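Structure record follows, encoded as structure tokens.
Everything quoted here is computed from the prediction, not taken from an experiment. Computed over heavy atoms, backbone and side chain alike; hydrogens, waters and symmetry mates excluded.
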Amino acid sequence: MTDGVVLRDALGLLRDREEVAERLLAASAKHSFDPDAEIDWDAPPVPDKWYWPPELVSLYDTPLWRRMPEEQQMDLARHEAASLASLGIWFEIILMQLLVRHIYDMSVTSAHVRYALTEIGDETRHSKMFARMIRKSGTPTYPVARLHHNLARVMKTVSTTPGSFAGTLLGEEILDWMQRLTFPDERVQPLVRDVTRIHVVEEARHVRYAREELRRQMVTAPEWERRLTRLSSGQAARVFSLAFVNPQVYTDVGLDRHEAVAQVRASGHRRDVMQTGARRLTDFLDDVGVLRGVGRRLWRSSGLLA
């Protein structure tokens, strides 16, 4: 509801923005974590435990994977976990800037703004937590390619509000799906399970906030802005699919980078993993009118949409 006007989309009536924010603030008060205090950062790694579920490693079930000894497979999983954590930090820094832009002209006393500031605090802790996990794993950081880094610089500067929230969901929901498989997996290092558990619990609120706001924006924004959102989200999906795992990880574990990248691209298992991880998001984006026209074709070319 906006100024007494009832809003509806294909998913039904939209909840009042302040009501949604109040509920999220209440949930934040009950279920927020301090990773510095709640994770045992001094515990040594457990021998023979993975840093990422093997089925989620990019090369899983490829001919190259089957030739690799298990020690090398586990080493690749460790480096890919660090690559994903590096990607997560990149996304969260972008998200924090987008949230500040979103609330810049709003009433600072509104629940909607208070929740945005709460989420910024969450994302700050998450970024520090991921950075600390990378350091504890004994790997390098894996920044995205310079081209993608600068494309994101442009995007976060010129992005419209619906485009910002569509991009936010892209960065949150696929990684969230993977982390939901990771934290209960007893094959995985306790440190990684603790990190992913905290992130999943707090990220659920962030997804709800972004989904509700994207729905609202796709109903109220002018047509040119909706068209731009469809295009920008499709292009963001293409960048995301390319940046998801830094190919330097293959070199760092002793593999031929070009062979590894080629086998990942040809892998039916990897394609299924990425499309399954994106399905809840793409179904939602389709329902709210984002996956249309050229934008839909860009999403298909990214490999995230079947």
Polar side-chain atom of [X] near backbone of [Y] as donor-acceptor pair, under 3.5 Å:
X    : Y    : answer
S127 : T124 : no
S233 : R230 : yes
E80  : V245 : no
S86  : A82  : yes
Q73  : W65  : yes
R216 : A221 : no
E123 : M96  : no
S159 : S164 : yes
R125 : P35  : no
Q275 : G303 : yes

- Message: Set out, in order, the CA-CA distance, both residues' side-chain angles and the distance that settles side chain to side chain contact (heavy atoms under 4.5 Å, CB included) for I120 and L117, then state yes or no.
- Response: CA-CA 5 Å; I120 291 168; L117 294 171; 4.3 Å; yes
[X] to [Y] - nearest heavy-atom pair and separation:
X    : Y    : answer
V158 : R101 : N-NH1, 4.1 Å
M218 : G289 : CE-O, 3.6 Å
V253 : Q72  : O-NE2, 2.9 Å
L87  : A243 : CD1-O, 3.7 Å
R215 : L13  : NH2-O, 3.5 Å
A116 : Y209 : CB-OH, 3.4 Å

With [X] via side-chain contact (heavy atoms from CB on, under 4.5 Å) - residues at least two apart:
X    : value
S28  : S32, Y115, T118, R205
E71  : none
D42  : D40
L147 : L151

- What do the steps show when you test R153 against N150 for side chain to side chain contact (heavy atoms under 4.5 Å, CB included), and what is the final call? CA-CA 5 Å; R153 189 190 307 280; N150 286 327; 3.4 Å; yes
- Contacts of D287 meeting side-chain hydrogen bond (donor to acceptor under 3.5 Å, both in side chains) (sequence neighbours excluded), chain-then-number -> none
- Residues pairing under side chain to side chain donor-acceptor pair (under 3.5 Å) where one sits in residues 234-246, two or more places apart or in two chains, turn out to be R238-S301
Do the non-hydrogen side-chain atoms of [X] and [Y] ever get within less than 4.5 Å of each other?
X    : Y    : result
L228 : W224 : yes
L214 : L285 : yes
S232 : M155 : no
F33  : M129 : no
L170 : W299 : yes
T62  : V264 : no
V154 : T157 : no
T276 : R279 : yes

Atom [atom1] of [X] and atom [atom2] of [Y]: how far apart are they, to the nearest 0.5 Å?
X    : Y    : atom1 : atom2 : value
E259 : L59  : CD    : CG    : 9.0 Å
E38  : I198 : CD    : CD1   : 5.5 Å
S137 : L191 : OG    : CG    : 8.5 Å

Carboxylate-amine/guanidinium contact [X] [Y], below 4.0 Å:
X    : Y    : answer
D286 : R296 : yes
D283 : R280 : no
E18  : R114 : no
R211 : E173 : yes

Examine [X] and [Y] and state if one hydrophobic cluster contains both, with Ile, Leu, Val, Met, Phe, Trp and Tyr joined whenever side-chain heavy atoms are less than 4.5 Å apart.
X    : Y    : answer
L98  : V207 : yes
M178 : I134 : yes
F284 : V219 : no
L64  : V249 : yes

- Note on the structure: Apart from V294 itself, members of its ILVMFWY cluster (side-chain separation under 4.5 Å) are L231, L298
- Task: Starting from V108, walk the hydrophobic network (Ile, Leu, Val, Met, Phe, Trp, Tyr; side-chain heavy atoms closer than 4.5 Å) and list everyone else you reach, by chain and number.
- Result: none
- Stepwise ring-ring contact (aromatic ring centres under 6.0 Å, His included) check, H199 with F130: CA-CA 10 Å; H199 195 251; F130 287 157; 5.0 Å; yes
- Under the ring pair (Phe, Tyr, Trp, His ring centres under 6.0 Å) rule, collect the residues that match up with F244, sequence neighbours excluded. F240
- Task: Would you please name every residue forming a ring pair (Phe, Tyr, Trp, His ring centres under 6.0 Å) with H206, sequence neighbours left out?
- Result: H126
- Query: Take atom CZ in R135; do more than 12 heavy atoms of anything else shown fall under 6.0 Å from it?
  - Reply: no
- For the pair E119 and E202, evaluate side chain to side chain contact (heavy atoms under 4.5 Å, CB included) and give the outcome as yes or no after the intermediate values. CA-CA 9 Å; E119 182 169 330; E202 297 191 337; over 6 Å; no
- Item | Residues E172, R208; criterion salt bridge (Lys or Arg N to Asp or Glu O under 4.0 Å); working and verdict | CA-CA 11 Å; E172 290 179 335; R208 171 71 185 283; over 6 Å; no
- Message: As a quick check of understanding, evaluate side chain to side chain contact (heavy atoms under 4.5 Å, CB included) for R78 and D75, giving each step before the final call.
- Response: CA-CA 5 Å; R78 180 169 65 96; D75 200 29; 2.6 Å; yes
Table please: side-chain donor-acceptor pairs of residues 45-57 below 3.5 Å, with sequence neighbours left out.
unit_1 : atom_1 : unit_2 : atom_2 : d
K49    : NZ     : E186   : O      : 2.4
E55    : OE1    : R187   : NH2    : 2.9
E55    : OE2    : R187   : NH1    : 3.1

- Task: Could you verify whether a donor N or O on one side chain and an acceptor N or O on the other, from Q217 and H102, lie under 3.5 Å apart?
- Result: no
- Query: Tell me, which pairs form a salt bridge (Lys or Arg N to Asp or Glu O under 4.0 Å) where one or both residues lie in residues 161-170, sequence neighbours left out?
  - Reply: none
